[in-house]
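Below is one structure, written out as structure tokens, with a few remarks after it.
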Amino acid sequence: MISHPIASIIGILIVALSLSAFLIWVERRLLALWQDRYGPNRVGPFGLLQVLADMIKIFTKEDWIPPFADKPVFVIAPAIIMVTVLMSFAVLPVAPGIIVSDLNIGLLFFLGMSSLGVYSIVLAGWASGNKYSLLGGLRAAAQMISYEVFMGLSLMGVVLLAGTFNLTRIVEAQRGLWYVVPQFLGFVLFLIAGVAEARRLPFDLPEAEAELVAGFHSEYSGMKFGMFFVGEYLGITLISSMIAVLFLGGWNGPWLPPLAWFLIKVFAFLCFFILLRASLPRLRFDQLMSLGWKVMFPLALANLLVTGAIVLAKK
Amino acid sequence: MLSVIRTIWNVFLHSFRRRVTIQYPDEKPYLTPRTRGRIILSRDPDGGERCVACHLCSAVCPVDCIALQATEDENGRRYPEFFRINFSRCIFCGLCEDACPTYAIQLTPDFEMSEHNRQNLVYEKQDLLISGPGKYTGYNFWRVSGVQIEGKDKGEAENEAPPTDVYRLTP
């Protein structure tokens, strides 16, 4: 079952974008559930059309650029996050044959693109000409530096076991045993790094609406803000998909068709991300940095060392 | 670390809790009979107006939202010529109900008085007056008071002794 790449591109694009829009509704309903409320349930069946109403609102809002902002950078910053996240979806093996580009270095491509995504935040914070935005951008930069390192390292165990950077072959290598079992530490580390990468609640310091107004997107309005918003949800979807692909065997699973298994796994992690947001408070900035460098980084190195030793010994 | 996981688990357990939201227009919240809402003017069991236009309610009203004018009918009964409550000012404190000597003015559990036009929140007597006795059934001020009206002379009220003849010296 090899489908045409253009069909894959269009399909993944449509599904990813509509899923991330749908996620806004899912997040609001789930947060409400865990806070013993109902959430949006009045617009359409179960409030599903709330997203549509929000979209209409955001499209008709004034697209304002503050006079003190650095205009070209200000405009280009929200585009960067969309582009980089959507580019990462290109190497994502959804089901056998449903992949835009089966790169041999798919994993590296994903890591590179997610690192590039931080430019969007930093540039947005810088170009806004606002001290809160700048603080948010600075935090994003420092957070990404602290988390990219062990994010990459935590995945190296998977690469060692599978012997490839190709995501499709990593999924196929998990046919017998999902890597969440032999690489449990790597899984936990990648999950934490993924939360930081997606800038979700325990690590949403660049946004930190309690301290920094809205952080890097304080000055953004209308569709530019919408791009950041959708970019954030796309990021969560991407990280959840990556966890599913790298640790939970991607499309592998009994009885159900591969696509269904993939979607179930992704959705479970999306819910987990929202559960984290519902339950955990935001870390202080120095706590975040010291957690990243002093705990996670040595653990990732140790995980890599042990995995490497075991793989060598098995040979 | 363990506390973080326990927190996440405890929050997850909230999925199975009852939701506290009352979806108001669809399901109405329970309001106790003493809830202080829209103000009404009641009638006595015989169908006459209870209000005797004593102005105590308008005097006690902390936001001065009650206005009335006293007058007297052909039977000698005092009643308000107009009685006006401005609900855009009213704070539903219930002091008027406490002050009322005849149980005429009462607060009801109805609070759904939204209006698009602010002028519509000024209720006149015909809007306030209801046909029943409200919370206090069976009470009729004119039947128990010593005030003389048409058809009830002094000393003829319930539990009232005949008036003393002030010219007699015997006790």
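Lettering of chains follows the sequences in order, A, B, ..., and the numbering in each one begins at 1.
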- Task: Check whether any side-chain heavy atom of A/Val26 lies under 4.5 Å from a side-chain heavy atom of A/Leu270, and answer yes or no.
- Result: no
- OH of B/Tyr30 to CD1 of B/Ile22: how many Å apart, nearest 0.5 Å? 12.5 Å
- Can you pull out the residues in residues 115-152 of chain B with any heavy atom less than 4.5 Å from chain A? none
- Task: Kindly give the heavy-atom pair with the smallest separation between B/Ile39 and B/Cys90, and that separation in Å.
- Result: CD1-SG, 3.8 Å
- Note on the structure: Among residues 51-58 of chain B, those lying within the under-4.5 Å heavy-atom range of chain A are none
- Message: Run the side chain to side chain contact (heavy atoms under 4.5 Å, CB included) test on A/Phe247 and A/Phe184 for me, step by step, so that the C-alpha distance in whole Å, both residues' side-chain angles and the decisive distance to 0.1 Å come before the verdict.
- Response: CA-CA 9 Å; A/Phe247 292 99; A/Phe184 187 70; over 6 Å; no
- Nearest heavy atoms of B/Tyr103 and B/Arg50, plus distance in Å: O-NH1, 3.5 Å
- Message: Measuring from atom CG of A/Leu19 to atom CG of A/Leu263, what distance do you get when rounded to the nearest 0.5 angstrom?
- Response: 7.5 Å
- Query: Is there a side-chain contact between A/Leu288 and A/Phe285, using heavy atoms and a 4.5 Å cut-off?
  - Reply: yes
Taking 3.5 Å as the threshold, show me the donor-acceptor pairs across chain B and chain A, one per line with distances to 0.1 Å.
residue	atom	partner	partner atom	Å
B/His14	ND1	A/Asp36	OD1	3.2
B/His14	ND1	A/Asp36	OD2	3.1
B/Ser15	OG	A/Trp34	NE1	2.8
B/Arg19	NH1	A/Arg37	O	2.8
B/Val20	N	A/Asp36	O	3.0
B/Asp26	OD2	A/Arg42	NH2	3.1

- Task: Just grab all the salt bridge (Lys or Arg N to Asp or Glu O under 4.0 Å) pairs involving residues 61-83 of chain B, residues at least two apart or on different chains.
- Result: B/Asp44-B/Arg77
- Message: Please report the interatomic distance CD1(B/Ile40) to OG(B/Ser42), rounded to the nearest 0.5 Å.
- Response: 5.0 Å
- Query: Do the non-hydrogen side-chain atoms of B/Pro62 and B/Cys93 ever get within less than 4.5 Å of each other?
  - Reply: yes
- Item | Residue A/Leu33 versus chain B: region with a heavy atom under 4.5 Å | both
- Message: If I take atom CG from residue A/Leu189 and atom CG from residue A/Leu153, how far apart are they, to the nearest 0.5 angstrom?
- Response: 9.5 Å
- Nearest 0.5 Å please: distance from the CZ atom of A/Phe229 over to the CD1 atom of A/Ile24. 5.0 Å
- Message: Could you check whether any side-chain N or O of B/Arg38 sits under 3.5 Å from a backbone N or O of B/Thr108, counting only pairs where one atom can act as donor and the other as acceptor?
- Response: no
- Item | Donor-acceptor pair, side chain of B/Asp153 and main chain of B/Gly155, under 3.5 angstrom | no
- Item | Contacting region of A/Leu276 [heavy-atom separation from chain B under 4.5 Å] | side chain
